[in-house]
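Below: one structure, written as structure tokens.
In what follows, chains are A, B, ... by sequence order, proteins preceding strands, each numbered from 1. Atom set for the values below is all heavy atoms of this structure, side chains included, hydrogens, waters and symmetry mates excluded.
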Amino acid sequence: DQQVKQNSPSLSVQEGRISILNCDYTNSMFDYFLWYKKYPAEGPTFLISISSIKDKNEDGRFTVFLNKSAKHLSLHIVPSQPGDSAVYFCAAEETSGSRLTFGEGTQLTVNP
Amino acid sequence: EAQVTQNPRYLITVTGKKLTVTCSQNMNHEYMSWYRQDPGLGLRQIYYSMNVEVTDKGDVPEGYKVSRKEKRNFPLILESPSPNQTSLYFCASHKTGGGYTDTQYFGPGTRLTVL
């Protein structure tokens, strides 16, 4: 069973516009959420995270929103840049462990 | 430079021929993990290790073995590879234990093809 789901395999946006990547989860024990970014031929790199006690975390152009009641989080990138083109993975973790559960990934393409 | 290295980066082998993918980190991290990435399935954890001589199964451990004899190394062993183990493999390490892992570092990946 897929506990973390990213329902959009791909997303295409114009440079300068907002990119919104979505993620849903089913495990109510998840307490911490992360986004990773992956370029081709490289390993994923950490982008931004949010604890369940918050509903928003911002880091420069990247903002993650968490809606616990809906078990939904989203990553907003504003403004989008061509260098943001990558696969984005949503991940979640239970407080008690160090294991991350990843979603399927969303390929973001930012067109110049 | 803080990094996780994996070798080989690319490997083509045949069914049943034992192979080992090495992983090494230079950050003195206690925790190390192996993941496989498959289309439509994302990253799935194979095994993880909380410290030397301490390992545990992840979500998809069947057909894999690991060992953690030294803190820096965490090799992945396929005793008898099969075609369904054709995948992209990532090793990762992080320093947080029992808490949040926002500083998990990934290696560059190993593309394995089993014929």
Above 12 or not: heavy atoms from other molecules or residues under 6.0 Å from CE of A:M29?
no

Whatever's closer than 4.5 Å to a heavy atom in chain B on A:Q6 counts as neither

Closest approach of A:K38 to B:F90 (non-hydrogen atoms, all atoms of both residues):
CE-CZ, 3.2 Å

Do the side chains of A:F102 and B:Q37 get nearer than 4.5 Å, heavy atoms only?
no

A:L100 and B:Q104: side-chain contact (heavy atoms from CB on, under 4.5 Å), yes or no, with the steps?
CA-CA 10 Å; A:L100 292 179; B:Q104 182 157 203; 2.7 Å; yes

Around B:I12, counting heavy atoms of other residues, nucleotides and ligands shown, do more than 12 lie under 6.0 Å from its CD1?
no

Connected via hydrophobic side-chain network under 4.5 Å: B:I46 and B:F74
yes

How about CZ on A:R17, more than 12 heavy atoms from neighbouring residues, nucleotides or ligands closer than 6.0 Å, or not?
no

Structural part of B:D56 lying under 4.5 Å from a heavy atom of chain A:
neither

Is there a continuous path of hydrophobic side-chain contacts, each under 4.5 Å between heavy atoms, that joins B:L76 to B:L19?
yes

Hey, any chance B:Y105 and A:L47 share a hydrophobic cluster, counting ILVMFWY side chains that come within less than 4.5 Å of each other, even indirectly?
no

With a 4.5 Å cut-off on side-chain heavy-atom distances among I, L, V, M, F, W and Y, is there a chain of contacts connecting B:L43 to A:F46?
yes

What part of B:R111 lies closer than 4.5 angstrom to a heavy atom of chain A: side chain, backbone, both or neither?
neither

Flag the one option from A:Q2, A:K5, A:E104 with the top tally of heavy-atom pairs under 4.5 Å to chain B.
A:E104

Where on A:P44 is there a heavy atom nearer than 4.5 Å to chain B: the side chain, the backbone, both, or neither?
both

Of all the residues in residues 73-83 of chain A, which have a heavy atom that comes within less than 4.5 Å of a heavy atom in chain B?
none

Nearest 0.5 Å, what's the CZ-OH distance between A:F89 and B:Y35?
11.5 Å

Quick one: name the residues clustered hydrophobically with B:V52, using the 4.5 Å side-chain heavy-atom rule over I, L, V, M, F, W, Y, and just say none if it's on its own.
none

State yes or no: do B:V66 and B:L11 share one hydrophobic cluster built from I, L, V, M, F, W and Y residues joined by side-chain heavy-atom distances below 4.5 Å, directly or via other members?
yes

